[in-house]
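Read through the structure below, which is laid out as structure tokens, and then see the notes.
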Number of protein chains: 2
Amino acid sequence: MAKNIKSLQRREREREELREQILSAAMNILVSEGYEAVTIRRLANEIEYTPGALYSYFKDKDEIVFALVVRAAQHLNKVFQAQESLPNPLERLWAIGRAYLKFAMEHQEYYDLLFIMSTPIQKISEAEFSEGYTAFIILRQTVGECMEHGYLPRADADVAAFALWSFVHGSVSLMIRKRLAIIPEEKYQDLLHGAYNFLMSSMMPRHHEQPDATLPKPFPKLKDLQKSKKK
Amino acid sequence: MAKNIKSLQRREREREELREQILSAAMNILVSEGYEAVTIRRLANEIEYTPGALYSYFKDKDEIVFALVVRAAQHLNKVFQAQESLPNPLERLWAIGRAYLKFAMEHQEYYDLLFIMSTPIQKISEAEFSEGYTAFIILRQTVGECMEHGYLPRADADVAAFALWSFVHGSVSLMIRKRLAIIPEEKYQDLLHGAYNFLMSSMMPRHHEQPDATLPKPFPKLKDLQKSKKK
DNA sequence: TAAAAAAAATGAACATTGTTCAATAAAAAT
DNA sequence: ATTTTTATTGAACAATGTTCATTTTTTTTA
């Protein structure tokens, strides 16, 4: 009658470990082979279980993918939070933008999952997904401060933050989803970089000169997220 | 020996008609039920043939989808070309942007296909896809003229056009792919509209006041492109 | 420690996808 | 009319996510 609480705790812990194993395998496959390769059978194989077993750890595939989205969001949030120490809001705004571009281009698979893919996002509105807002809130805060300092025209901070986010998101998502066939791929680095400086400078004063060292050059080769289906 | 050229022409024509039927059905289903519903068997059913028959009209599904992309591009091009009559480049630039937003929000399925989805885009780099560039070329031309008139800072026209494109693309794709859960959907209209005016005005002088009548209000309800799989 | 209960994992199925291909039907050429 | 060419079918295949009765393993109880 008195359940052995020790073994129950251990079971709980082991379940958590296996969940972690599944997600970890999913992350690895996502990064190394692209989203298409992240399949239930593949994951089951990876953790040496049978496909059906996964369904006692996750309700369905969407739940797995959503967990990956959360991780990607946490990753981005760290990047954003690392910029918060910069005291000058204009400088911080520029830095946030650069960090965003860097994150997107260096972790295209995460970025795609987080901001482009359709799959697991229905849930986001329902589920608790505070991780998804953090970055935006930091951006909005910074934009607001920029307005106070006269670096940006006064306007609704939501609107202005959305505008800037739209710009950087548009840039990287056009690249990731390969809508720039007009432009040779060698120019992507310059294009992204140039557009960022052009638009940002046009909108607001340039902060004190800063080397673009935080932008990796050259960007990692754009991996084909939609890998060959045929073997 | 002398093949009946009459009947050959007719056969050719009939094949073309069936091809057209397939694509037309695909467009209808795409718009009314979303991309997920555009399936080989569904299309076969629609034209009252067997699934396998489609493969004598199209190499594979990607070829069908690519044909839809081309149509979507032609649609957008018409919208862009309609703006070319505006003599003042600044005014034209604003109009092009507004037309782009309108197109995207009123034809989200086409837009998604054209600029967001992964599926059929590998081919674009290879295939002849002049339709895909037309709109960008018009934009770049206008941006160039704006620079000449001093409406925009002088810079590489490719870079500047890409920057502006990125912005509007980012806006609509964040909406279409539902990454704005922070913001209530009723505000989308104001958000899009406000961000456009904010960013454009910050970058360049506002052209003579123009009612925003070309932006539909309210925007059509965002349809769930990733419809319910389960019935 | 042995039996009973609970939990976990399997394995085989199902319904969908896109796609192929030998066999058949239809149409055109001889 | 026969032959040849073309078009269409229908059945299969592989791969996807998912379910569920059965079996195995683990835990609890006696």
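Naming: A, B, ... by sequence-line order, numbering from 1 per chain.
Atom CZ of B/Arg11 and atom C1' of D/dT6 are 6 Å apart (whole Å). What separates CG of B/Asp60 from P of C/dT20 is a distance of 8 Å, to the nearest Å. Whole-Å rounding puts the B/Arg15 CZ to C/dA28 P distance at 13 Å. Taking atom CD of residue B/Glu36 and atom P of nucleotide C/dG18, one finds them 10 Å apart after rounding to whole Å. Rounded to whole Å, the distance from CD1 on B/Ile40 to P on C/dT19 is 6 Å. One interatomic measurement links the two molecules: CD of B/Glu63 to P of C/dG18, which rounds to 15 Å at whole-angstrom precision. Atom pair A/Lys59:NZ and D/dT19:P shows a separation of 8 Å (rounding to whole Å applied). Between A/Phe58 atom CZ and D/dT19 atom P there is a gap of 16 Å when expressed in whole angstrom units.
Residues from residues 45-55 of chain B that place a heavy atom under 4.0 Å from any atom of DNA chain D, listed by number: B/Tyr49, B/Thr50, B/Gly52, B/Ala53. If you check residues 17-27 of chain A against DNA chain C, you find no residue with a heavy atom closer than 4.0 Å.
When side chains are defined from C-beta on, A/Leu199 counts as touching B/Leu199, because their heavy atoms get closer than 4.5 Å. At a threshold of 4.5 Å between non-hydrogen side-chain atoms, the residues A/Tyr49 and A/Leu18 count as touching.
Applying the salt bridge (charged side-chain N to carboxylate O under 4.0 Å, His left out) test to A/Asp156 and every residue at least two apart in sequence or in another chain returns nothing. Looking at residues two or more places apart in sequence or on another chain, you find a ring-ring contact (aromatic ring centres under 6.0 Å, His included) between B/Tyr111 and B/Tyr100, B/Phe115, B/His169. Listed by chain and residue number, B/Trp165 satisfy the ring-ring contact (aromatic ring centres under 6.0 Å, His included) test with B/Phe136 (two or more places apart in sequence, or in another chain). Partners of B/Glu20 according to the salt bridge (charged side-chain N to carboxylate O under 4.0 Å, His left out) rule, which considers only residues two or more places apart in sequence or in another chain, are B/Arg71. Considering only residues two or more places apart in sequence or on other chains, B/Glu186 meets the salt bridge (charged side-chain N to carboxylate O under 4.0 Å, His left out) condition with none of them. For B/Arg140, the side-chain hydrogen bond (donor to acceptor under 3.5 Å, both in side chains) criterion is met by B/Asp158, not counting sequence neighbours. Under the side-chain hydrogen bond (donor to acceptor under 3.5 Å, both in side chains) criterion, A/Arg41 pairs with no residue, sequence neighbours left out. Not a single ring-ring contact (aromatic ring centres under 6.0 Å, His included) links B/Tyr57 to another residue, sequence neighbours left out. Shown here are the side-chain hydrogen bond (donor to acceptor under 3.5 Å, both in side chains) partners of A/Glu46, two or more places apart in sequence or in another chain: A/Arg42.
Nearest nucleotide to the side chain of A/Lys61, out of C/dT19, C/dA8, D/dT18: D/dT18.
Within 4.0 Å of B/Tyr57, counting heavy atoms only, lie sugar-phosphate atoms of the nucleic acid but no base atom. When heavy atoms are screened at a 4.0 angstrom cut-off, A/Arg42 is found touching no nucleic acid atom at all.
Taking 4.0 angstrom as the limit, B/Ser56 places none of its side-chain polar atoms (N or O) nearer than this to OP1 or OP2 of D/dT6. Checking the phosphate oxygens (OP1, OP2) of C/dT16, no side-chain nitrogen or oxygen of B/Thr39 falls inside 4.0 Å.
The aromatic rings of B/Phe103 and B/His107 sit tilted relative to each other, their planes meeting at an angle between 30° and 60°.
For the pair B/Glu14 and B/Arg41, nearest-nucleotide mapping onto DNA chain C gives the more 5' position to B/Arg41.
Rounded to 10 degrees, the angle separating the terminal axes of the helix from C/dT1-D/dA30 to C/dT30-D/dA1 is 20°, with each axis obtained from five end pairs.
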